[in-house]
Amino acid sequence: MNWRIAEAKQRFSELIHAVTKEPQLIYNRNQLVAVVVEAEMFEEFLTWRNQREKISLADAFKELRQIATEENYILEVPCRQDRLNPFADAIDDFSL
């Protein structure tokens with residue numbers, strides 16, 4: 001059911017009871033301003049939203065750096081020139 005703000009205030013108990021059947025939409029001057037839903041539906045929404053939130057790659061690296069610092073871990077990376085690089089070798093083959 002759609003409610004105007006004033007009507008929702010006056011009939012608040014009825015509004016809350018109606019939520020058990022379907023979400024209740026509250027309008028102000030024909031603009032949707034709020035929706036009242038059952039607590040269970042809201043909990044489901046929060047669970048869904050939390051599952052969709054993913055950490056960014058930058059956040060993952062930040063966390064990794066923090067763990068490495070806490071454990072005094074140093075990543076040893078061999079010099080670039082000591083490793084094979086087939087891509088660079090292929091480019092040299094095409095040089096004029």
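These numbers come from a predicted model, not from an experiment. All values below come from the heavy atoms of this structure, side chains included, with hydrogens, waters and symmetry mates left out.
Here the side chains of V36 and L25 are not in contact, with every heavy-atom distance at 4.5 Å or above. Between W3 and I5 the shortest side-chain heavy-atom distance does not fall below 4.5 Å.
Rounding to the nearest 0.5 angstrom, the gap separating the CZ atom in R49 from the CD atom in E44 is 14.5 Å. Note that CD of E76 is 7.5 Å distant from CD1 of I74, once rounded to the nearest 0.5 Å. In this structure, NZ in K62 is found 13.0 Å from CD1 in I67, a value given to the nearest 0.5 Å. Taken to the nearest 0.5 Å, the CE atom of M41 stands 12.5 Å off from the CG atom of L46. Between atom CE of residue M1 and atom CD of residue E7 there is a gap of 5.0 Å, rounded to the nearest 0.5 Å.
Counting heavy-atom neighbours within 6.0 Å of E38 CD, excluding the residue itself, gives a total above 12. Under a cut-off of 6.0 angstrom, the local environment of CD in E40 is sparse, with at most 12 non-hydrogen atoms contributed by other residues, nucleotides or ligands. Enclosure of atom CZ in R11 by more than 12 non-hydrogen atoms of other residues, nucleotides or ligands within 6.0 angstrom is indicated.
Donor-acceptor pairing under 3.5 Å is lacking for the side chains of T47 and N50.
One hydrophobic cluster, built from ILVMFWY side chains closer than 4.5 Å, cannot hold both F61 and Y73; they sit in different ones. Under the 4.5 Å side-chain heavy-atom criterion for grouping Ile, Leu, Val, Met, Phe, Trp and Tyr, L32 is connected to V37 within one hydrophobic cluster.
The two atoms that bring N30 and Y27 nearest to each other are C-CD2, 3.8 Å, heavy atoms only.
Checking each of I16, N2, V19, V35 against Q24 for a side chain to side chain contact (heavy atoms under 4.5 Å, CB included) leaves exactly one that passes, namely V19.
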